[in-house]
Amino acid sequence: MDTLKMDELVSLCKRRGFLFQSSEIYGGLNGFWDYGPLGVELKRNVKECWWRDMVTGHDDLLVYPGAPTAYEMTGLDCSIIMHPQVWKCSGHYDLFHDFMVDCRESKKRYRHDQVQGRWVEAKGKRVFVSVLPETDEPCLELEQRALKFFNLRAKHLDQLKWEGPVVSLTTVPDFSAVLGPDAKELGTLTPPREFNLMFKTYVGALSGEEGAAFLRPETAQGIFVNFKNVVDSSRVRIPFGIAQMGKSFRNEITPRNFTFRSREFEQMEIEFFCHPNQSAAWYQYWRDRRYRWYLELGLAGERLRLREHHKEELSHYSCGTADIEYAFPFLPPGEFGELEGIAHRGDFDLRSHMEGKLVRQGDNLVVEQGTDGKPKHKGSGRDLTYFDDVSREKYVPHVIEPSAGADRATLAFLCQAYQKDVAPDENGKPTERLVLKLHPRLAPIKAAIFPLVKKDGMPELAERLYRDLKKSFTVFYDDKGAVGRRYRRQDEAGTPYCLTIDGQTLEDRTVTIRDRDSLAQRRIHLDKVAEELQSLLQPRD
RNA sequence: GCGGGUGUAGCUCAGUGGUAGAGCGCCACGUUGCCAACGUGGCUGUCGUGGGUUCGAGCCCCAUCACCCGCUCCA
């Protein structure tokens, strides 16, 4: 496992039809990927396990271990393009929508509004000296930069004639007299260019800005804006969760590491609504529950970790966030990549969609003001509070958000499953075997059915078994070549069980069932095969 | 975004300016008696893409795209 090279896995994924580069025949498209015949089944299984374990299989009446009370779960499937105001109130518009300037000299890129500077005159030249402030004292940093630029010693500080206060680069219309934060010469900054991390599109035939809309950068907002609809239509009572799976789009600057950071990706998100007093306990519950989910589906404990964010790392609205991370093989030893984030979001989201985009002010969230003193991004004005019929209490629910990446999970399961071990060849000599040890619930093909040889009525019996099993399972029939080769092919596809019809089947109607991982075989009766598979594929508690 | 590397058959790769190759795989037929069998036959190429140099380019030059590694960034 430690020796797994990422390119070996990428090669297997291509060779066996798990993953292809998007638009490959045209040279590929950076950040986009296609799932092949086996990959689509694997990813569907990942999503179906999640949906089943979190939503349809959820027991509303049971108090799960670690949960404060019983709770309900329900689902939703929202549109990818939503009203543009959704993204303004959620904060994505301001956060993901930046103007950037590049420095032709240092090759660095800065956010236009983050560059700070001050006009200064010396030796007959007037210059806007800028820095990307690293300390609370940008003035000192600016002094150093200015002295160096004018080639002055510290004792000649008085030759610098400062003009006005420290201001943002956004106040400077022309960059020809600007000294970039890492430049030695003037005028190396490009004009500010719009960088949008959200994909922009246009609704309707007209392509004017009034029709501008965005592909969603997360599925979560669809849940928040439908919160009231779900409460009003489904009789759910707090505490409850709404789950949604679906595509999201982020225009990443640097897509990297196979499917890990893609521009089009699929999320599996839950927004769990609860009473503010219980939110801390629910946060803990979901964090632990979600961590166990990955463990149960086969990710190794030593490669999977639950990491609480430090206080400084927390978003402005969050009172607690944990990441579930996996030690992907493309990362340096000791580093982990995020699979899922579980965030305590408080009442930030629902309030944002009521009141408008919020910002933190001390310990409180307040509506962000524009320069005109009005709300910067106006909310819907709808009442998204919850009324508890039993306690007669009205409140804005708090939200716990377990947000997972379906493609990242799929990739982690593939990385974990990819193993080389040793199996005997036809002479009993140990040879290397490539095997995908996927959890049976995730395996694209659940069982393969083989006649041991293509004669004596074995194929006919095998075909009957195949047809019978096909009704309830994804199974695969193969009668070509030696049986050993067929076993190995299934090993590479991750198929957990192989059923072989042999001479003895003709006598007593038993078949061998071969286990992918142990290579062990045992005989079971033909009539019991479906039942046996059913129990082997059953999720265990 | 910057720097370095790579791109030839489905996969892994050889091919230093003169007729595009190997191994594996895949397909067919025969054989088959439980872990990558054997025999026979067959399939597979815009040499990443575009342009240039040359009598002639997979090979040299320029551009571009994609992937990998390092830095940078990352909701």
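Worth knowing before you read on, the calculation uses all heavy atoms, side chains too, and leaves out hydrogens, waters and symmetry mates. By convention in this document, chain letters (A, B, ...) are assigned in the order of the sequence lines, proteins followed by strands, and residues within each chain are numbered from 1.
- Centroid-to-centroid, the aromatic rings of A:Phe273 and A:Phe227 come within less than 6.0 Å.
- In this model, the phosphate group of B:U12 is approached by a side-chain N or O of A:Ser11 to a distance below 4.0 Å at OP1 or OP2.
- Between A:Asp508 and A:Thr510, the side chains place a donor N or O and an acceptor N or O closer than 3.5 Å (distance only, hydrogens not considered).
- Here B:C74 presents its P atom at 15 Å from CD of A:Glu335, a figure rounded to the nearest Å.
- Here the P atom of nucleotide B:C11 and the CZ atom of A:Phe18 are 16 Å apart, to the nearest Å.
- Among the protein residues, A:Phe450 comes within range of no part of the nucleic acid, since none of its heavy atoms lies under 4.0 Å from any strand.
- Annotation: B:G17 and B:G56 have their C1' atoms spaced 8 Å apart (nearest Å).
- A straight line from CD of A:Glu325 to C1' of B:C74 spans 14 Å, rounded to a whole angstrom.
- In this model, the phosphate group of B:G33 is not approached by any side-chain N or O of A:Lys455 to a distance below 4.0 Å at OP1 or OP2.
- In this structure, B:C34 makes no Watson-Crick or G-U wobble pair, since no nucleotide meets both defining distances under 3.5 angstrom.
- Proximity of residues 507-517 of chain A to RNA chain B (heavy atom under 4.0 angstrom from any strand atom) is restricted to A:Thr512, A:Arg514.
- In this structure, A:Met198 reaches neither bases nor backbone, as no heavy-atom distance under 4.0 Å exists between it and the strands shown.
- Base pairing of B:A66: its partner is B:U6, meeting the Watson-Crick or G-U wobble criterion (both donor-acceptor distances under 3.5 Å).
- Closest contact between the side chain of A:Val453 and the listed nucleotides B:G33, B:C35, B:C34 involves B:G33.
- Comparing the same atom, C1', in B:U12 and in B:U6 gives a spacing of 14 Å after rounding to whole Å.
- The CG atom of A:Asp479 sits 14 Å away from the C1' atom of B:C29 (whole-angstrom rounding).
- Contact annotation: side chain of A:Arg488 to base of B:A36, donor-acceptor pair present below 3.5 Å.
- The interatomic distance linking A:Phe328 (CZ) with B:C68 (P) rounds to 14 Å, in whole Å.
- Side chain of A:Asp515 to backbone of A:Ser518: a donor-acceptor contact under 3.5 angstrom is found.
- Between the C1' atoms of B:C13 and B:A20, the separation comes to 14 Å (whole Å).
- B:C73: no Watson-Crick or G-U partner with both key distances under 3.5 Å is found in any strand.
- Look at A:Arg485 and you won't find any side-chain N or O under 4.0 angstrom from OP1 or OP2 of B:C34.
- Between B:C67, B:U12, B:G10, one nucleotide has an atom nearer to the side chain of A:Gln21 than all others, and that is B:C67.
- Each of A:Gly481 and A:Asp7 was matched to the nucleotide of RNA chain B holding its nearest heavy atom; the match closer to the 5' end belongs to A:Asp7.
- Qualifying salt bridge (charged side-chain N to carboxylate O under 4.0 Å, His left out) partners for A:Glu463, counting only residues two or more places apart in sequence or in other chains: A:Arg467.
- Which of B:A36, B:A28, B:U12 sits closest to the side chain of A:Glu492 comes down to B:A36.
- A:Tyr497 has its OH atom 24 Å from the P atom of B:C34, to the nearest Å.
- A:His92 places no side-chain N or O within donor-acceptor distance of the main-chain N or O of A:Asp94, the cut-off being under 3.5 Å.
- Checked by distance alone, A:Asp502 brings a side-chain donor or acceptor within 3.5 Å of a matching partner on the base of B:C34.
- With a cut-off of 3.5 Å on both pairing distances, B:U19 has no Watson-Crick or G-U wobble partner at all.
- With rounding to whole Å, A:Leu12 atom CG is found 11 Å from B:U12 atom P.
- Contact check, A:Asn30 against B:C65: no side-chain N or O comes under 4.0 Å of OP1 or OP2.
- With a 6.0 Å cutoff to the six-membered ring centre and a 45° limit on the axis angle, A:Arg514 counts as a cation-pi contact of A:Tyr487.
- Listed for the A:Gln85 side chain is a donor-acceptor partner under 3.5 Å among the backbone atoms of A:Lys378.
- Residue whose closest nucleotide on RNA chain B sits further toward the 5' end, between A:Lys480 and A:Ala520: A:Lys480.
- A:Gln244 contributes a side-chain N or O that, together with a main-chain N or O of A:Cys78, makes up a donor-acceptor pair within less than 3.5 Å.
- Between the C1' atoms of B:G1 and B:G58, the separation comes to 32 Å (whole Å).
- Considering only side-chain atoms of A:Asp456, the nucleotide from B:C35, B:G33, B:U32 that sits closest is B:G33.
- When both distances must be under 3.5 Å, the Watson-Crick or G-U wobble mate of B:G39 is B:C29.
- Residues passing the salt bridge (charged side-chain N to carboxylate O under 4.0 Å, His left out) test with A:Lys247, sequence neighbours excluded: A:Glu264.
- Residue-level contact check: A:Ile25 touches the bases, meaning some heavy atom is under 4.0 Å from a base atom.
- Comparing B:G33, B:C11, B:C69 by their closest approach to the side chain of A:Met458 singles out B:G33.
- Between the side chain of A:Tyr26 and the base of B:C65 there is no donor-acceptor pair of N/O atoms closer than 3.5 Å.
- Rounded to an integer number of Å, the gap from A:Leu331 CG to B:C74 P is 17 Å.
- Proximity note for A:Tyr487 (side chain, C-beta onward) versus B:C11, B:C35, B:C74: the nearest is B:C35.
- A gap of 23 Å separates the P atoms of B:C29 and B:A36, to the nearest Å.
- The backbone N or O of A:Pro459 sits nowhere less than 3.5 Å from a side-chain atom of A:Arg464 that would complete a donor-acceptor pair.
- Comparing the same atom, C1', in B:C61 and in B:C74 gives a spacing of 38 Å after rounding to whole Å.
- Look at the P atom in both B:U49 and B:G42: the space between them is 29 Å, to the nearest Å.
- B:U16 and B:C60 are spaced 10 Å apart, taking the P atom of each and rounding to whole Å.
- A cation-pi contact links A:Arg408 to A:Phe260, judged by a cut-off of 6.0 Å to the six-membered ring centre and 45° from its axis.
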